[in-house]
Amino acid sequence: MAQTIERPDVRETTDEASVTAVPWVTIVWDDPVNLMTYVAYVFRSYFGFPRHEAEQLMLRVHNEGRAVVATGDRETMERHVAAMHGYGLQATLRKADE
Amino acid sequence: MIVSAAQDLGGVRIVLESEEAMLLAEFAGQVVTVLEQDAHTDPALDRLFPDAYVDDAAASDEFRRYTREDLAQSKRDAAAAVRDATSTEEDRGIVDIELDQAASWGWLTFLTDLRLILAERTGILADEPDDDPVTEPITERDGYMRAAYEWVGFVQGSMLEVLDPTNER
């Protein structure tokens with residue numbers, strides 16, 4: 001198969017093992033204002049997480065103060081952060097290795 | 001206030017006392033006004049459009065430049081939809097509102113934005129009471145806004161119990 005200069009397709013994932021292979025992450029921060037049920041519902045509806053996973057992520061945000069909710073290229077993470085801000089969640093992005 | 005499922009729409013039905021509807025309509029109008037301000041002119045805006053990058057003000061400003069107006073527009077649209085749905089003349093008794101799923105999301109995000117603004121106005125940081133000792137007496141206005149903050153959370157929580165039933169606890 002011919003080599004191309006295109007970037008390999010970087011799939012969005014929350015798999016911890018792939019963090020080193022892709023450079024950016026979306027982080028959601030704990031916010032005393034937002035209801036826990038709302039945060040879990042946003043995770044489920046926007047990212048398509050199964051209910052259990054969405055609730056685990058929400059609890060991680062609540063208990064640890066923040067959680068990585070997505071990993072991928074910078075442009076995609078910026079889109080996710082903007083979407084989270086649209087839902088009223090406090091979200092940031094950064095390089096995964098920082 | 002009574003929230004139940006809107007069976008045919010996949011959303012919620014909200015029945016409000018006219019006083020509750022008037023309160024929401026007034027708040028919704030105020031949220032539209034807050035969202036019409038320029039960036040950084042109001043600390044509440046920094047909660048609605050937080051920095052996207054920690055410790056990188058330039059990147060955060062750049063991000064805001066590309067995203068803020070679209071976000072502000074959808075937040076204004078959501079608030080305006082709530083304002084229009086709840087605007088009522090006095091003494092009509094109740095206001096009966098049916099929302100499909102998309103409209104329900106508009107309400108959920110509006111209620112979130114409203115709570116963020118009320119929290120900023122009253123200095124609510126509920127999880128950090130020890131770090132934020134109350135040094136000033138709570139004014140009547142603060143008390144009113146805190147009560148509204150709790151009630152708005154109750155409305156949103158009631159909606160979520162209908163939209164996402166097994167979250168009920």
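Every chain is numbered from 1, with letters handed out A, B, ... down the list of sequences.
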Residue pair A/L89, A/V42: steps toward the side chain to side chain contact (heavy atoms under 4.5 Å, CB included) verdict: CA-CA 9 Å; A/L89 272 52; A/V42 168; 4.2 Å; yes

Atom group of B/D113 that falls short of 4.5 Å from chain A, counting heavy atoms: side chain

Side chain / backbone / both / neither for B/L48 at chain A, heavy atoms under 4.5 Å: backbone

Over all atoms of both residues, closest heavy-atom pair of B/F63 and A/E78: CE1-O, 3.5 Å

Toward chain A, the part of B/L163 with a non-hydrogen atom under 4.5 Å: both

B/R121 and B/D42 ion-paired at < 4.0 Å: yes

Part of B/Q73 lying under 4.5 Å from any heavy atom of chain A: neither

Engaged part of B/T67 at the chain A interface, taking heavy atoms whose separation is under 4.5 Å: side chain

Over-ring placement of A/R44 relative to A/F49, 6.0 Å and 45° cut-offs: no

Which portion of A/A91 sits near chain B, non-hydrogen atoms under 4.5 angstrom: backbone

Residue selection (most heavy-atom pairs with chain A, distance under 4.5 Å) from B/T112, B/L111, B/T109: B/T112

Distance, nearest 0.5 Å, that separates OG of B/S4 from CD1 of B/I14: 9.0 Å

B/V155-B/V162 co-clustered via ILVMFWY side chain contacts under 4.5 Å: yes

